[in-house]
Amino acid sequence: MMNSPQQVKNPSSSLKSRFITRFLGALTKINAEHPISSSSPTRIFQRYRRIKVASNKSMAYSVRSRRIWSRAMLSRFRSRRSAFSVRRSSVKTTNCTTSPPSALIKVTINENKIAKGGLDMQTDELRELVPGGEAMDVCNLLGETAHYIKCLTTQVQVMRKIVDFYHLSK
């Protein structure tokens, strides 16, 4: 018996819908708490950081704790939140002078360069890029990397749709 289109669920679209719901909720909250009132570089950077964190949190919560990278990312957010609440109560806020990253990190594995230690070096670089990768064996690292890339692709697709929507509405 053939499955009808309504019976077949696409796991990618459910991940995407969970991400969209969480991310749009986070963006709404950011706009309500911190409306755009200044175009100073510091304010722009602070807003950029809030949106980036909201995007990463939304994706990690959408994946839930099924993946090592999402558990590592959620753990990192929880530890930052507790450290931030302690620090915030004892220290006044300061202006941030760093700028957002200007280029994407590109990871390539060139089979010709795999010499003694070459694969280990590339694996170590990959471990640094994937949240929680430090504690994974190579097989799990590759599987988690593939899933993480899929999730990052979903993030980019959703953010492009949001930008296109707002660009067309102006």
Side-chain angles (χ1 to χ4, degrees), residues 3 5-34 44-89 96 98-110 114 119-166:
N3 289 335
Q6 295 171 344
Q7 292 174 331
V8 177
K9 288 190 176 185
N10 183 349
S12 174
S13 67
S14 63
L15 170 69
K16 191 179 283 189
S17 64
R18 287 192 306 267
F19 171 70
I20 290 169
T21 302
R22 287 188 176 277
F23 186 53
L24 289 178
L27 288 177
T28 302
K29 187 176 176 182
I30 288 169
N31 280 334
E33 292 175 357
H34 307 282
I44 291 171
F45 182 69
Q46 288 171 344
R47 192 167 184 82
Y48 155 81
R49 293 291 300 164
R50 284 186 187 102
I51 292 170
K52 182 179 178 197
V53 168
S55 176
N56 289 337
K57 272 186 179 179
S58 298
M59 185 53 72
Y61 276 110
S62 297
V63 173
R64 300 181 184 118
S65 61
R66 283 182 252 154
R67 292 295 192 157
I68 296 169
W69 70 262
S70 64
R71 289 192 298 268
M73 193 176 275
L74 292 172
S75 174
R76 191 179 309 149
F77 287 129
R78 288 183 190 116
S79 66
R80 281 185 188 164
R81 183 176 53 202
S82 62
F84 180 71
S85 62
V86 170
R87 194 172 6 124
R88 188 174 195 187
S89 63
C96 183
T98 58
S99 60
S102 61
L104 296 174
I105 298 171
K106 187 175 181 181
V107 178
T108 59
I109 297 177
N110 186 347
I114 299 178
L119 183 59
D120 290 337
M121 187 174 73
Q122 291 174 342
T123 304
D124 290 342
E125 289 174 4
L126 192 57
R127 287 181 203 281
E128 291 176 15
L129 293 173
V130 178
E134 311 83 34
M136 291 183 223
D137 61 48
V138 175
C139 185
N140 283 334
L141 178 63
L142 294 175
E144 290 290 320
T145 301
H147 188 266
Y148 187 56
I149 290 170
K150 176 182 149 193
C151 290
L152 291 174
T153 303
T154 300
Q155 274 185 321
V156 170
Q157 290 171 349
V158 168
M159 292 173 130
R160 280 186 178 154
K161 295 273 186 193
I162 292 170
V163 168
D164 290 346
F165 175 78
Y166 281 105

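Index from 1, following the sequence. Values below: every heavy atom of this structure, side chains too, minus hydrogens, waters and symmetry copies. All figures in this text were calculated on a predicted structure; none of them were measured in a lab.
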Report task. Step by step, work out the side-chain contact (heavy atoms from CB on, under 4.5 Å) result for R47 and I51. Result -> CA-CA 6 Å; R47 192 167 184 82; I51 292 170; 4.1 Å; yes
Query - Step-by-step side-chain contact (heavy atoms from CB on, under 4.5 Å) determination, L126 to L142 - result: CA-CA 9 Å; L126 192 57; L142 294 175; 4.1 Å; yes
Requested in this report: Let me see the working for M73 and V63 under side-chain contact (heavy atoms from CB on, under 4.5 Å), right down to the final yes or no.
Outcome: CA-CA 11 Å; M73 193 176 275; V63 173; over 6 Å; no
Requested in this report: Take Q157 and F19 through the side-chain contact (heavy atoms from CB on, under 4.5 Å) test and state the conclusion after the steps.
Outcome: CA-CA 11 Å; Q157 290 171 349; F19 171 70; over 6 Å; no
Query - Derivation of the salt bridge (Lys or Arg N to Asp or Glu O under 4.0 Å) call for R127 and D124 - result: CA-CA 5 Å; R127 287 181 203 281; D124 290 342; 3.8 Å; yes
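How far CD1 of I20 is from CZ of R22: 13.5 Å, rounded to the nearest 0.5 Å. The distance from the NZ atom of K57 to the CZ atom of R76 is 12.5 Å, given to the nearest 0.5 Å. Here M159 contributes atom CE and K52 contributes atom NZ; the two are 10.0 Å apart, rounded to the nearest 0.5 Å.
When all heavy atoms of S58 and A26 are compared, the pair lying nearest together is OG-CB, 4.4 Å. Of all non-hydrogen atoms in A54 and I30, the two that sit nearest each other are CB-CD1, 3.9 Å. Of all heavy-atom pairs between L129 and Y148, the closest is O-CE2, 3.8 Å. The shortest heavy-atom contact between L141 and G133 is CD1-CA, 4.1 Å.
You'll find the side chain of R18 reaches within 4.5 Å of the side chain of L15, heavy atoms only. Annotation: side chain of S62 is not in contact with side chain of F23 (no heavy-atom distance under 4.5 Å). Two residues are said to be in side-chain contact when any heavy atoms from C-beta on lie closer than 4.5 Å; I162 and L24 meet this criterion. Inter-residue side-chain proximity for Q155 and N56 is flagged as met; some heavy-atom pair is nearer than 4.5 Å.
For the pair S17 (side chain) and S14 (backbone), a donor-acceptor distance under 3.5 Å is present. When atom types are taken as modelled, the side chain of S75 and the backbone of R71 share no donor-acceptor pair closer than 3.5 angstrom. Under a 3.5 Å cut-off, the side chain of T154 and the backbone N or O of K16 do not form any donor-acceptor pair. E144 places a side-chain N or O within donor-acceptor distance of the main-chain N or O of I68, the cut-off being under 3.5 Å.
R66 CZ: more than 12 foreign heavy atoms inside a 6.0 Å radius.
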